[in-house]
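Okay, structure first, notes after.
Values below: every heavy atom of this structure, side chains too, minus hydrogens, waters and symmetry copies. What you see is a predicted model, and the numbers here were worked out from it, not measured in a lab. Every chain is numbered from 1 and lettered A, B, ... according to where its sequence line falls, protein lines coming before strand lines.
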Amino acid sequence: MYSLTDASKSFRQGQRTIAALRSVSLEIADGEFVAIQGPTGGGKSTLLQLLGALDRPSSGSVRLGDTELSTADERALARLRAGSIGFVFQNFNLIPTLTALENVQMALVPHRVDVARSRARAAEALGWVGLGARLDHRPAELSGGQQQRVAIARAIVTSPAVLLADEPTGNLDEAMRDEILSLLEGMWRERGLTMIVVTHDSAVAHRAQRRLHLKDGIVHERRPAA
Amino acid sequence: MFGRYLRRELLGRRRQTVIVAVGMALAIALVVVVNSVSTGMRDAQAAALQSIYGVGTDITVSNPPVRPSEGGAGGAGPQRFDFGSGGSGGGSGGTGSTDGSTTVSQSRLIPAGATFDASELKTIEGVSGVAAATGVLSLRNVSFNGQIPDGAQPEQGAPGSGGARGSFDVDSFTVLGIDPSGTAVGPLSSVEVTEGRALDAADSGQDVALLDASYATTAGLSVGGTVEVGGTTMQVVGLLGSTSTSSETAANVYLPLDVAQTLAGQSGKLSEVYVAAQSSAQVDAVASAITAALPDARVSTEAQLAASVSGSLGAAAGLMSSLGLWLSIGVLAAAVLLAALFTISGVSRRTREFGTLKAIGWANRRIVGQVAAESLVQSLIGGIAGAIIGIAAVLLVNASGVTLAAQAAGGTLGGAGAGPFGRSGGGAADGGGRVVQAAASATDIVLHAPVSVWVVLLAIALAAAGGIVAGALGGWRASRLRPADALREIA
């Protein structure tokens with residue numbers, strides 16, 4: 001699935017250059033559930049953005065299947081994001097003016113799905129995350145956990161091969177966190193997704209098959225105890 | 001989904017939508033009003049000129065004005081009433097009465113400006129490119145009726161009063177001597193006979209007159225009656241009205257040219273020649289050729305004549321063409337700028353939204369299209385509202401019946417200044433009995449601002465263009481957002 005070879009990413013900040021990732025080499029197989037942990041500023045989100053084709057490495061290679069993400073053009077990356085990758089964000093990132101159904105439908109826009117099919121697929125995805133009765137609610141009318149469920153529905157409605165989640169439970173209380181974790185885990189198991197989750201929460205990380213620790217831009221692998 | 005997202009965003013950001021739409025509406029309303037009223041002003045100027053110079057007149061030729069004191073070859077100088085000799089103009093010079101005062105009744109016909117020899121008409125007709133030309137003699141008839149103290153000229157006093165020992169009235173009206181056989185060019189080309197008949201070639205040398213219908217009503221004259229001009233009784237054979245509903249005709253009374261020349265003592269003289277060029281493209285060339293042939297004459301083209309329209313119409317037209325134009329351009333630019341600023345600031349506020357859309361696979365092109373479409377629709381809403389407001393404002397202007405006074409300075413300007421005596425019909429007499437003519441031909445025109453479909457479409461197109469410009473700027477800003485940066489910004 002993913003193959004990273006000496007992938008580095010640095011940013012200019014005024015006169016300084018900040019190395020967010022340093023020569024990361026990594027393989028992630030199809031269907032793996034990987035948790036990425038580490039201190040703030042360690043490079044977790046940067047790695048997730050490289051994996052999600054949202055950014056290109058400053059040097060090295062990032063491959064998703066047959067596609068070299070470091071050299072692909074913007075349109076190819078957009079196609080890849082639309083078809084193969086689903087995102088779940090800490091802040092849910094729902095569009096406040098749209099209903100839950102419409103938010104999910106937005107992910108189908110690049111696929112040019114007709115309106116009826118788009119509605120049906122979005123409603124099905126929302127039903128799957130337990131929000132079949134909240135289709136016409138706007139984000140402001142939903143709880144944090146429900147909003148994250150909408151975001152998960154939006155991420156899976158296109159049936160992606162990869163689900164990338166950036167602190168998916170970061171803004172939720174403990175009960176809600178467990179609900180969302182169960183949902184994500186169930187999805188991973190049932191759909192055979194490759195799931196990569198950036199988290200500070202050890203409870204989340206403990207559910208993963210692999211745990212990567214990122215500190216100062218360098219990846220350290222921690223295999224969970226059997 | 002595109003339409004729904006668009007609608008939801010516009011409704012969800014109602015305040016921004018309303019501000020941008022209101023700004024654009026004001027600009028577009030102003031464009032519609034300025035354009036329509038300017039067109040109305042131009043039409044009014046054309047109507048003013050038509051009433052004076054006639055339809056189809058491309059060029060007028062006259063002699064430069066002379067000051068009254070100079071007299072001039074054309075005899076435009078001041079003339080005096082002679083109440084003791086029986087008068088040269090007509091009427092009685094004066095009859096004594098038992099109370100020591102003298103009853104006088106005199107009527108004079110004087111040129112309303114410099115004149116020139118009628119042979120110059122032939123010269124003009126011979127100029128290459130001239131399609132038609134006709135000469136006229138502009139005159140003013142001034143009548144003096146009343147009693148004055150015996151052995152004295154009227155003293156200066158209050159209008160209509162000869163002071164403590166007499167009373168008198170001064171009445172005047174404009175007279176135009178015209179070629180009775182031709183109306184293709186000149187003042188009669190823009191009039192129609194409302195009653196009676198027009199003049200024809202057989203009327204040459206006959207004491208017949210046509211009257212402006214408005215003047216006839218005011219003066220209580222009618223077809224079949226008579227009017228005294230220069231002391232001679234003329235039979236009224238017809239009434240004339242302007243073909244333009246908003247203007248009067250060029251003069252109060254029309255006489256056969258030769259009769260007018262004889263009565264005014266201006267045999268073989270003309271005051272103006274109206275010229276039609278063979279084509280509009282030739283007007284300037286023909287004007288130059290006439291100037292070359294008659295270097296002392298004043299040659300004015302239609303464009304120059306339009307510039308000569310003064311009075312409130314001239315002032316309003318000038319205001320509309322300068323201030324109105326720049327005001328509408330300024331407000332339009334401000335509206336586009338406002339829309340652009342709001343769009344760009346909206347993009348900045350929606351960084352997370354666009355970052356998310358990019359993350360879920362929306363291409364740059366689609367996001368740019370979304371931003372541009374939102375801006376376009378906001379501006380179109382404003383444009384359509386502005387067009388409706390503008391049309392309503394124009395209809396209000398038309399309904400209010402704004403009347404503008406137009407004065408077209410002709411080529412027969414003479415002495416300036418109104419005298420202290422009472423005046424009627426625009427004439428003026430000074431205290432010494434000298435008479436000077438009015439400086440210009442005046443007419444009142446009701447402003448009618450036309451609303452053209454093209455102006456409305458142009459206004460809406462301008463709004464759309466403004467929206468596209470603002471949307472393009474906002475879209476460009478959105479396209480520059482890198483999804484990682486957009487999401488990092490909010491992390």
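The most heavy-atom pairs under 4.5 Å with chain B, out of R154(A), Q90(A), R75(A), come from R154(A).
For R79(A), no part lies under 4.5 angstrom from a heavy atom of chain B. E74(A) touches chain B through its side chain: at least one heavy atom from C-beta onward sits under 4.5 Å away, while N, CA, C and O do not. For a residue to count as touching a neighbouring chain, one of its non-hydrogen atoms must lie under 4.5 Å from one of that chain's; by this rule T99(A) touches chain B with backbone and side chain alike. Only the side chain of L357(B) comes within contact range of chain A, with heavy atoms under 4.5 Å apart.
Residues R63(A) and D66(A) approach most closely at NH2-O, 3.0 Å, considering heavy atoms. When all heavy atoms of M187(A) and L163(A) are compared, the pair lying nearest together is CE-CD2, 3.5 Å.
A heavy-atom distance below 4.5 Å is not found between the side chains of S345(B) and L341(B).
For Q49(A) and R56(A), the side-chain atoms include no donor-acceptor pair closer than 3.5 Å.
Here the rule is side chain to side chain donor-acceptor pair (under 3.5 Å) with T97(A), and of R8(B), R7(B), E9(B), R4(B) only E9(B) fits it.
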